[in-house]
Amino acid sequence: MGLNDVLYRRQYKIQTEPSVPPIDLKQLKTLGLWINPIKGHYVVTLTSDKDPNNDIATFTTNFKKSRN
């Protein structure tokens with residue numbers, strides 16, 4: 001891993017309402033490294049500074065596509 005990868009690591013946090021079923025993280029593994037620290041809270045870490053999902057609009061689009 002290069003220094004750029006460490007310095008430009010991006011994370012997104014997703015919080016769901018209690019009525020929303022749990023997110024299937026296996027289905028979303030292509031978007032990055034996921035953790036689910038507490039119910040309804042998800043954090044994804046992108047694996048590269050060159051990942052197109054560094055752009056929030058691209059990530060949102062890809063997240064929605066992956067869930068369907």
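Bear in mind that the values here come from a model prediction, so they are computed numbers and not experimental data.
Criterion: ILVMFWY side-chain heavy atoms under 4.5 Å apart, direct or through other members. Under it, Leu46 and Leu25 are part of a common hydrophobic cluster. Using a 4.5 Å cut-off between side-chain heavy atoms of Ile, Leu, Val, Met, Phe, Trp and Tyr, with links allowed through other members, Leu31 and Ile14 fall into the same hydrophobic cluster. Follow the hydrophobic side-chain contacts under 4.5 Å out from Val44 and you reach Ile56 in the same cluster.
Identified under the side chain to side chain donor-acceptor pair (under 3.5 Å) test for residues 33-44, with sequence neighbours left out: Gln15-His41. The ring pair (Phe, Tyr, Trp, His ring centres under 6.0 Å) analysis of residues 12-31, with sequence neighbours excluded, yields the pairs Tyr12-Phe59.
For Thr58, the side chain to side chain donor-acceptor pair (under 3.5 Å) partners two or more places apart in sequence, or in a different chain, are Asp55. Residues meeting the side chain to side chain donor-acceptor pair (under 3.5 Å) test with Thr16, sequence neighbours left out: none. For Gln27, the side-chain contact (heavy atoms from CB on, under 4.5 Å) criterion is met by Asp24, not counting sequence neighbours. The side chain to side chain donor-acceptor pair (under 3.5 Å) test applied to Lys26 returns no partner, not counting sequence neighbours. For Asp51, the side chain to side chain donor-acceptor pair (under 3.5 Å) partners are Asn53, not counting sequence neighbours.
A side-chain donor-acceptor contact under 3.5 Å links Arg10 to the backbone of Asn54.
Here the closest heavy-atom approach between residue Gly32 and residue Thr47 is recorded as CA-CG2, 4.4 Å.
Annotation for Val20: hydrophobic cluster partners, listed by chain and number, are none (ILVMFWY side-chain heavy atoms under 4.5 Å, direct or chained).
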